Enquirer: 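Before I ask anything, let me first share the structure, which is written out below as structure tokens.
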Amino acid sequence: MPHPALGFAREIADRLADPAAVLGAQIVSDWRRQSLGHGAPGVTLLHIELAAAGLAPWDRAHSWLSAVARQPLTSGADSHAFYGAPAFAHTLACAAERLPGAYGSALDALDLQVASDARRRLAAAEQRIEAGELPALAEFDAIRGLTGYGAYLLRRRPDSDTVRDILDYLVQLTQPLSHRGETVPGWWTASGPSGRLEDRYPDGHANTGLAHGIGGVLALLALAALRGTLVPGHREAMASILQWLDRWEVDSGRGPAWPYWVTIPDLRTSHLPMGPQRPSWCYGTAGLARAQQLAAIAIGDRRRQLAAEHSLLAALTDPQQLRETTDSGLCHGFAGLAHIAARAASDALPPTAGQLRAVLPALLSAVHPPGSDPTAAAAGLIQTQEPDPGLLDGAAGIALALLAPATGTPTQTSWDTCLLIA
């Protein structure tokens, strides 16, 4: 029997049915129209997934797709996997999966554009490497960088030269560098976690997160390996990242946890004390445990797979870590935790698979408590989140993340491939 959170998700979708009513004057805003994380493409994914599951009409999805495509889409240097043509390509591809023959020519054109943009980024990265400079987060991360491009192209063009070149680049990214007299990993960046130079991070940092750090790189390398797309040094690169995560693993008292990032002082002391932190998708144990689970499956390491699954289970049942989770969003809230748990359970070894499924009701109830009125809850959520009903922090992302765990069925489209968890 579906969890009551399904009714909450459907109420959210009903209130986000009409693009003009939801976005109003903002529909002319290029940023809202083209932002996968915070605008129309993310809402579109919700309606596509519901239609694919037979829970809503396809005309809603078509209306939202039209709202995004009614004006030219940004490409080139001003676009990335979560903005512009690549963001729309991901959304349109999810619809095309369930509508054979639909959108074929449009997707072919978008694929060429995304591949062209990726190749320009690869060329820029090669120039940076030749100059001996450190990478920026936006060069390689899952949101703005080549990992995000790789996630899309792996799905659409898995055997293409562009995918292999992206994987070659990511393999090279794991090679150590020298910085300020220290040996640092190749993904060390001169900026702070914001992507900007910060006084708090005078020597830069190594980011571990799934959204902006090496966790996303590990996930993409693992997903490519699972699909049979491998390049020279591929497995060694995964092993290097896993060894880095092993080095910085901390015992939370209930299970392993990892710092969001590592700095030069941390390297020099080889010690990084940590208090409880939220186990989210973007940063934290949930995203990193899923990435490590995928990597372990790809390399056939049952011991490491079980360890990753137990890490996730421990984080999702630790009251201290859950107290640090203060919202319902997909990016760093309870809906995101429920979706990751459902994804991980589908690949988990017994008995961990059952244990992960057993925590889903509590996570769903944290988003939509039993006995709550779904209509009032959806209305209140959307009102408080205006003007961002999007994927990462908004109501559409919450509803999307609830669907699979609330129904106990797999996702019907590849909407979450942009998150590097599938």
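Worth saying up front: this structure is predicted, and the values here are computed from it rather than measured.
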Enquirer: Could you tell me whether R121 and E139 have a side-chain N and a carboxylate O separated by less than 4.0 Å?
Expert: no

Enquirer: If we ignore angles and hydrogens, is there a donor and acceptor under 3.5 Å between the side chains of E182 and S178?
Expert: no

Enquirer: Start with the C-alpha gap between H47 and W58, add the side-chain angles, then the distance that decides, and say whether ring-ring contact (aromatic ring centres under 6.0 Å, His included) holds.
Expert: CA-CA 8 Å; H47 294 297; W58 272 103; over 10 Å; no

Enquirer: Where the side chain of T147 meets the backbone of G216, is there a donor-acceptor pair that is under 3.5 Å apart?
Expert: no

Enquirer: Any salt bridge linking R155 with D111? Criterion: basic side-chain nitrogen under 4.0 Å from a carboxylate oxygen.
Expert: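 No, this pair does not count.
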
Enquirer: Could you tell me how the ring of W244 sits relative to the ring of W187: parallel (under 30°), tilted (30 to 60°) or perpendicular (over 60°)?
Expert: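 Rings of W244 and W187: perpendicular, as their planes differ by over 60°.
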
Enquirer: Would you say the side-chain atoms of T407 pair up with the backbone N or O of L403, donor to acceptor, closer than 3.5 Å?
Expert: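 Here the side-chain-to-backbone pair exists.
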
Enquirer: Report yes or no: do S414 and E97 form a side-chain donor-acceptor pair below 3.5 Å?
Expert: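 Result is yes, a qualifying pair exists.
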
Enquirer: Would you tell me whether S160 and R164 have side-chain atoms, one donor and one acceptor, within less than 3.5 Å of each other?
Expert: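 Not at all, the side chains of S160 and R164 share no donor-acceptor pair under 3.5 Å.
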
Enquirer: Name the one of I297, T352, I299 that satisfies side chain to side chain contact (heavy atoms under 4.5 Å, CB included) with Q305?
Expert: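 Only one option passes, and that is I297.
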
Enquirer: Would you say the side chain of S252 lies within less than 4.5 Å of the side chain of D318, judging by non-hydrogen atoms?
Expert: yes

Enquirer: Any non-hydrogen side-chain atom of L92 less than 4.5 Å from a side-chain atom of T44?
Expert: no

Enquirer: Can you see whether T162 engages R119 through a side-chain donor-acceptor pair at a distance of less than 3.5 angstrom?
Expert: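 There is such a pair (donor and acceptor under 3.5 Å, judged by atom type) between the side chains of T162 and R119.
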
Enquirer: For the residue pair A286 and L337, what are the closest heavy atoms and their distance?
Expert: CB-CD2, 3.6 Å

Enquirer: Check step by step if side chain to side chain donor-acceptor pair (under 3.5 Å) holds for H339 and D416.
Expert: CA-CA 9 Å; H339 188 73; D416 57 351; 2.7 Å; yes

Enquirer: Counting heavy atoms not belonging to D161, are there more than 12 under 6.0 Å from its CG?
Expert: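 Result for CG/D161: open.
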
Enquirer: Going through the checks in order, is the side chain to side chain contact (heavy atoms under 4.5 Å, CB included) test met by V22 and W64?
Expert: CA-CA 11 Å; V22 173; W64 277 90; 4.0 Å; yes

Enquirer: Do you see a donor-acceptor pair shorter than 3.5 Å between the side chains of Q113 and D117?
Expert: yes

Enquirer: Return yes if some donor-acceptor pair links the side-chain N/O of H90 with the main-chain N/O of W415 below 3.5 Å, else return no.
Expert: yes

Enquirer: Over 60° means perpendicular and under 30° means parallel, so classify the ring planes of F8 and H368, tilted if in between.
Expert: parallel

Enquirer: Do L392 and F82 make a side-chain contact, defined as non-hydrogen atoms from C-beta onward lying under 4.5 Å apart?
Expert: yes

Enquirer: Where do H332 and D393 land on the side chain to side chain contact (heavy atoms under 4.5 Å, CB included) test, with the steps shown first?
Expert: CA-CA 8 Å; H332 43 253; D393 298 315; 3.5 Å; yes

Enquirer: Between H212 and N207, do the side chains contain a donor N or O and an acceptor N or O under 3.5 Å apart?
Expert: no

Enquirer: Is there a donor-acceptor contact under 3.5 Å from the side chain of T91 to the main chain of A87?
Expert: yes

Enquirer: Do Y103 and L65 make a side-chain contact, defined as non-hydrogen atoms from C-beta onward lying under 4.5 Å apart?
Expert: yes

Enquirer: Is the side chain of W258 donor-acceptor paired with the backbone N or O of L288 at a distance under 3.5 Å, no angle test?
Expert: no

Enquirer: Provide the closest heavy-atom pair for T174 versus A237 in the form atom of the first, atom of the second, distance.
Expert: OG1-CB, 3.7 Å

Enquirer: Does R227 come within less than 4.0 Å of D159, counting only side-chain N to carboxylate O?
Expert: no

Enquirer: When you compare the side chains of D108 and S105, does any donor N or O come within less than 3.5 Å of an acceptor on the partner?
Expert: no

Enquirer: Under 3.5 Å, side chain of E309 to main-chain N/O of R290, donor-acceptor pair present?
Expert: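 Side chain of E309 to backbone of R290, a donor-acceptor pair under 3.5 Å: no, none is there.
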
